[in-house]
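I have placed the structure first, in the form of structure tokens, so that the comments after it can refer back to it.
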Amino acid sequence: MPTCLHLTVWFILCILGSIHLVQSQNRTGATTDPDEAQALNSIFAAWGKQAPREWNISGQLCSGAAIGENITIDDKGYNPLIKCDCTFNGSTICRITALKVYAMDVIGPIPPQLWTLTHLTNLNLAQNFLTGSLSPAIGNLTRMEWLTFGINALSGPIPKEIGLLTDLKSLGISSNKFSGSLPAEIGNCTKLQQIYMDSSDFTGGIPSSFANLVELQTAWMMDLGVTGRIPDFIGRWTKLTALRIVGTDLSGPIPSSFSNLTSLTELYVLFPFLFITISFPFIPSLFLFYQLILLEYNS
């Protein structure tokens with residue numbers, strides 16, 4: 001009798017395990033949108049990469065880790081990685097909503113098929129050797145929220161179509177070879193919380209439309225050729241906790257509006273004759289701190 005009971009328990013566990021495996025492959029029976037599957041396969045082929053078996057079970061891209069509820073796109077154990085939403089067309093179609101190809105020594109331009117993945121909300125292509133320019137077709141990715149091309153060799157201007165990504169919360173374009181002016185259209189991305197735009201060859205002033213970015217919490221502007229006065233409108237970014245303005249051709253004085261930045265915990269400022277690096281939990285009167293900066297700046 002105990003033997004039969006053990007066999008029964010073992011059988012049930014095997015059945016449950018099989019069900020879990022099937023669910024991990026695709027818990028709804030949905031399949032990857034064929035156009036998106038073809039696009040992703042073309043992108044990986046151009047870069048000499050393969051979709052790993054952890055999320056490409058039996059050739060079905062949106063399976064395994066791609067739909068695992070406990071695995072996020074930032075999970076360090078999976079790279080490259082996609083994430084999918086399988087609720088389309090009555091839960092019969094999966095759309096690719098996130099793509100990470102991080103620090104994988106990818107060389108060459110961004111394949112045009114990338115801009116057809118219009119359901120992407122998260123794209124991380126940082127720390128590779130990507131070259132060429134960003135296509136105006138980036139404007140197709142209107143659902144995008146988290147976007148980084150940081151630490152590559154991309155060049156040319158940032159297309160103005162980036163301003164169509166109005167759901168964008170984080171933009172990372174640091175450490176590339178971008179040139180030209182910062183597009184004023186970035187000011188349309190009013191949900192931005194983080195912007196990293198250091199170490200590129202941008203020129204001209206910081207567009208006045210950036211005054212609209214009042215949700216910013218982190219702003220890095222370092223090693224840029226931008227010119228003009230330090231914008232007074234930065235004082236409107238009252239949610240800032242980290243601000244870095246280092247190695248630019250901006251000129252002072254520090255605007256008095258900086259006294260509004262009472263949420264700052266990190267401030268790095270470097271201009272000619274002025275270098276200040278400060279970390280502080282809270283300054284009750286940032287205006288007094290601003291006055292101190294001016295005294296050092298003008299001395």
Side-chain heavy atoms of Thr142 within contact of Thr118, under 4.5 Å:
no
Is any side-chain heavy atom of Lys239 closer than 4.5 Å to one of Ser263?
no
Got a second to check how far Gln217's CD is from Ser170's OG, nearest 0.5 Å?
10.5 Å
Any donor and acceptor pair, going by atom type alone, linking the side chain of Asp167 with main-chain N or O of Glu145 inside 3.5 Å?
no
Applying the 4.5 Å side-chain criterion to the ILVMFWY set and letting contacts propagate, would Met221 and Ile151 be lumped into a single cluster?
no
Ser208 OG to Ile206 CD1 distance, which is reported to the nearest 0.5 Å:
11.0 Å
So, do Leu123 and Trp146 sit near enough that their side-chain heavy atoms are less than 4.5 Å apart?
no
Gln194 versus Thr218, side-chain donor and acceptor atoms under 3.5 Å
no
Tyr268 vs Leu243, test: side-chain contact (heavy atoms from CB on, under 4.5 Å). Steps then yes/no.
CA-CA 6 Å; Tyr268 290 74; Leu243 174 62; over 6 Å; no
Trp237 side, atom CH2; Ile234 side, atom CD1 - distance, nearest 0.5 Å:
4.5 Å
Indicate yes or no for a side-chain donor-acceptor contact from Ser58 to the backbone of Gln60 under 3.5 Å, with no hydrogens or angles considered.
no
Between Arg95 and Asp85, does at least one N-O distance fall below 4.0 Å, as a salt bridge requires?
no
Calculate, to the nearest 0.5 Å, the distance between atoms CG and OG1 belonging to Leu267 and Thr241 respectively.
11.5 Å
Separation of Leu99 CG from Asn122 CG (nearest 0.5 Å):
9.0 Å
For Leu61 and Ile82 the tightest heavy-atom approach is O-CD1, 3.8 Å
Would you say Leu164 and Ile158 are hydrophobically clustered, going by side-chain heavy atoms of ILVMFWY under 4.5 Å?
no
I need the minimum non-hydrogen distance between Ala39 and Gln113, along with the two atoms involved.
O-CB, 3.8 Å
Just checking, is any N or O donor in the side chain of Asp232 or Ser257 under 3.5 Å from an acceptor N or O on the other one?
yes
With side chains defined as the heavy atoms from C-beta onward, is the minimum distance between Phe44 and Pro80 less than 4.5 Å?
yes
Ignoring hydrogens and geometry, is there a side-chain-to-backbone donor-acceptor pair from Lys177 to Ala153 under 3.5 Å?
no
Under the 3.5 angstrom rule, does the side chain of Thr32 hit a backbone N or O of Ala37 as a donor-acceptor pair?
no
Heavy-atom closest contact (Ser91 atom, Ala30 atom, distance):
O-CB, 3.4 Å
Side-chain hydrophobic cluster, 4.5 Å single linkage: members besides Ile93:
Phe88
Residues 131-140 side chain polar contacts: donor-acceptor under 3.5 Å, at least two apart:
residue	atom	partner	partner atom	Å
Ser135	OG	Ala137	N	3.0
Asn140	ND2	Trp115	O	3.4
Asn140	ND2	Ala137	O	3.3

How far apart are the C-alpha atoms of Lys100 and Leu125, what are their side-chain angles, what is the distance that settles it, and do they pass the side-chain contact (heavy atoms from CB on, under 4.5 Å) test?
CA-CA 6 Å; Lys100 177 179 66 177; Leu125 301 180; over 6 Å; no
Do the side chain of Asn152 and the main chain of Leu154 share a donor and acceptor less than 3.5 angstrom apart?
no
Would you indicate whether the side-chain heavy atoms of Thr203 and Thr227 approach each other to under 4.5 Å?
no
Taking everything shown except Lys49 itself, do over 12 heavy atoms lie less than 6.0 Å from its NZ?
yes
Given 3.5 Å as the limit, does a donor-acceptor pair link the side chain of Thr121 with the main chain of Thr97, or not?
yes
Applying side-chain hydrogen bond (donor to acceptor under 3.5 Å, both in side chains), name anything that partners Arg236, two or more places apart in sequence or on another chain.
none
Note, Val269 side chain near Ile254 side chain (heavy atom, < 4.5 Å)
yes
Looking at side-chain heavy atoms only, is the closest gap between Leu81 and Asn79 below 4.5 Å?
no
So that I can confirm a possible disulfide, could you see if the SG-SG distance for Cys86 and Cys94 falls below 2.5 Å?
yes
Show the nearest heavy-atom pair for residues Ala219 and Leu216, with the distance to one decimal.
CB-CD1, 4.5 Å
So which atom in Asp105 and which in Phe129 form the shortest heavy-atom distance, rounded to 0.1 Å?
OD1-CE1, 3.4 Å
Look only at the side chain of Ser63 and the backbone of Ile57, and say whether a donor-acceptor pair between them is shorter than 3.5 Å.
yes
Is any side-chain N of the basic residue among Arg244 and Glu266 closer than 4.0 Å to the acidic one's carboxylate O?
yes
Test side chain to side chain donor-acceptor pair (under 3.5 Å) on Asp198 and Ser174 and set out the steps.
CA-CA 5 Å; Asp198 49 288; Ser174 300; 2.5 Å; yes
Give the C-alpha distance, both sets of side-chain angles, the deciding distance and a yes or no for side-chain contact (heavy atoms from CB on, under 4.5 Å) between Leu147 and Leu165.
CA-CA 10 Å; Leu147 178 62; Leu165 312 187; 4.0 Å; yes
Using 0.5 Å steps for rounding, measure from the CG atom of Asp223 to the OG atom of Ser199.
4.5 Å
Counting only heavy atoms not in Tyr102, do more than 12 fall under 6.0 Å of its OH?
no
Residues Leu171, Ile173; criterion side-chain contact (heavy atoms from CB on, under 4.5 Å); working and verdict:
CA-CA 7 Å; Leu171 175 62; Ile173 51 178; 3.9 Å; yes
Main-chain N/O of Val101 paired to Asn128 side chain as donor or acceptor, under 3.5 Å:
yes
Ring geometry between Phe178 and Phe202 (parallel below 30°, tilted from 30 to 60°, perpendicular above 60°):
parallel
Using a strict 4.0 Å threshold on nitrogen-to-oxygen distance, state whether Glu185 and Lys160 make a salt bridge.
no
Of all heavy-atom pairs linking Ala65 and Tyr78, the shortest is CB-CE2, 3.7 Å
N/O donor-acceptor pair under 3.5 Å between Asn56 side chain and Arg53 backbone:
no
Quick check: do Asp75 and Ile73 have side-chain heavy atoms less than 4.5 Å from each other?
no
Backbone N/O of Ile96 and side chain of Glu36: donor-acceptor pair under 3.5 Å:
yes
